[in-house]
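Below you'll find the structure, written out as structure tokens, and then a few comments.
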Amino acid sequence: MMKERILQIGKTGEESLPAITTMAGLQAWEVEYLGRKSELNTLLKSLRDLSPEEKKIVGPLGNSTKQKLIALFDTKKKKLLENSIDWQAEGVDITAPGAKVAIGHLNPLTQIEHEIQDIFTSMGFVVADGPEVETEHYNFDALNFPKDHPSRDMQDTFWIKPDKKAKERYLPRTHTSGVQVRYMEAHKPPLRIIVPGKVFRNEATDASHEHTFHQFECLMVDVEGQVTVATFKYVAETFFSAFFGEKVTVRLRPSFFPFTEPSFEFDISCIICGAHGCATCKHSGWLEIGGAGMVNQRVFEAAGYKRGQYQGFAWGFGMARLAMMKYKIADIRLLMSGDLRFIRQF
Ligand code: FA5
């Protein structure tokens, strides 16, 4: 009899909960089913008058029913609380999209630098570094630029005001090629390096020229016969194809640099139009990329190697060019402008 009644209380308590929609209603429910004077509580109190056998059956049932009703009450209370906040009165628009957290990110030039490093290190190249303020020796002399020869003006140099006591003249480096000699002085072939870095030239700026820009040098040297123009072409085509994610071919044109012999300007097939001809490649199907050549034996000598012992190629070109092609940027000056409207697009 008592057992049936307890089961009945548990059932009606549970069944009456869903209809409750207010906190007041829930409080009334709590008084009725869990309160001190509730029927369930009264029944539980009267347990002590039962025989031990009856107690064994009814006691656990009474307790578990009570626990079940407490749990149901807690869940319902939580639900009602969640729904009871008047968001409008609180001035909160719960339909508004969440505020985006602004996270910093890398300049496209830095992103390009990392990509270049990834591709070259996967081909066994090492990333080397050199000082941005360079001596005349490494920037020019060791690279076979004749003294007081106009070729030294090929790269418009900012000279640092000379210190009368200093033996050397200093300059913000005009190219990354000086690191070739620094590295070779410290390492013996076979060697493969790339040198990404900032360079400086006293130039008027326009959409494709900056006074401060990034170059990256590539140098590969081994014993005579191991590194040829064909090796250079292969490495260049492998790199550009990986960088642009499509097959790129390289074309060499004769040129002059004091530190390479023979020297080339090199072009890549236009990745904008697939070499069919477009405004970017001036309808030639080719894009100018940078300078290159086989390392002049005089440069090896300046680094302390014996003449005729080694052979290698070197190239150097502007990284902004690559960033501009990859991201379709029309003006090089945007890259270092610090303009957040520009930079936030990457
Ligand atoms: C050199 O600087 C040579 N050191 C390259 C080299 C290295 C040749 C190794 C052979 C062997 P050049 O002055 O052409 O060469 O510059 C190389 C590249 O730098 C150019 O092709 C261009 O992409 C970039 N560049 C040159 N001047 C500027 C500038 N003012 N603004 C932006 N990019 C520039």
Side-chain angles (χ1 to χ4, degrees), residues 108-109 112-113 116 128 130 134 138-145 150-158 171-184 192-221 227 229 231-233 235-236 240 243 250-268 280 286-300 302-303 311-326 329-337:
L109 275 174
I112 292 281
E113 186 176 324
I116 292 172
E134 187 54 285
Y138 286 111
N139 198 83
F140 290 125
D141 300 339
L143 292 173
N144 191 37
F145 280 83
S151 68
R152 218 163 269 232
D153 294 333
M154 242 165 82
Q155 302 170 346
D156 309 274
T157 310
F158 288 114
L171 62 143
R173 65 180 176 191
T174 57
H175 55 176
T176 42
S177 299
V179 185
Q180 286 185 28
V181 181
R182 285 184 175 275
Y183 192 86
M184 288 193 289
R192 297 175 208 184
I193 58 166
I194 57 163
V195 187
K198 226 185 259 172
V199 303
F200 313 84
R201 293 189 193 178
N202 188 3
E203 271 194 53
T205 61
D206 61 27
S208 50
H209 293 87
E210 263 285 18
H211 48 76
T212 300
F213 59 98
H214 293 73
Q215 278 193 339
F216 101 81
E217 194 84 9
C218 176
L219 174 73
M220 180 169 178
V221 181
V227 182
V229 177
T231 322
F232 158 61
K233 221 171 161 240
V235 170
F240 285 109
F243 184 79
V250 167
R251 176 175 83 165
L252 305 179
R253 288 177 289 116
S255 184
F256 170 77
F257 295 101
F259 37 95
T260 46
E261 182 56 39
S263 302
F264 316 106
E265 283 297 332
F266 76 99
D267 306 333
I268 60 167
T280 309
W286 296 97
L287 292 167
E288 271 184 49
I289 283 289
M294 300 306 288
V295 180
N296 193 313
Q297 290 296 328
R298 291 198 173 192
V299 176
F300 285 144
Q311 199 172 11
F313 73 77
W315 89 46
F317 59 73
M319 273 201 286
R321 260 269 155 96
L322 289 189
M324 289 166 80
M325 282 195 260
K326 192 145 188 166
I329 299 166
D331 194 319
I332 189 174
R333 292 168 292 193
L334 286 167
L335 287 164
M336 307 265 278
S337 64

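Atoms within a ligand are numbered from 1 in the order they appear, just like the ligands themselves. This chain uses plain numbering: 1 for the first residue, then up along the sequence.
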Discussion item. Taking distance alone, with N or O pairs closer than 3.5 Å, would you say His175 contacts ligand 1?
Written reply: yes
Is there at least one pair of N or O atoms, one from Gly293 and one from ligand 1, spaced under 3.5 Å apart?
-> no
I need the contact type for [X] against ligand 1. Using non-hydrogen atoms and a strict under-4.0 Å cut-off, is it side chain, backbone, both or neither?
| X | value |
| --- | --- |
| Ser208 | backbone |
| Gln215 | side chain |
| Ile332 | side chain |
| Arg201 | side chain |
| Trp315 | backbone |
| Ala292 | backbone |

### Close-contact set for ligand 1 against His209 heavy atoms, below 4.0 Å
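Ligand 1 atoms under the 4.0 Å threshold to His209: 29 (C), 30 (N), 31 (N).
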In ligand 1, the atoms that come under 4.0 Å of a heavy atom of Thr260 are 10 (C), 11 (C)
Quiz item: Between Phe313 and Phe266, is the gap from one ring center to the other below 6.0 Å?
Solution: no
**Request:** Report yes if the distance between the aromatic ring centroids of Phe257 and Phe259 is under 6.0 Å, otherwise no.
**Result:** yes
For this session: Ignoring hydrogens and angles, tell me if any N or O in the side chain of Asn296 forms a donor-acceptor pair with the backbone of Pro258 under 3.5 Å.
Result: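 Checking the backbone N and O of Pro258 against the side chain of Asn296, a donor-acceptor pair under 3.5 Å is found.
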Can you find a non-hydrogen atom of Phe313 under 4.0 Å from ligand 1?
->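 No, Phe313 has no heavy atom closer than 4.0 Å to ligand 1.
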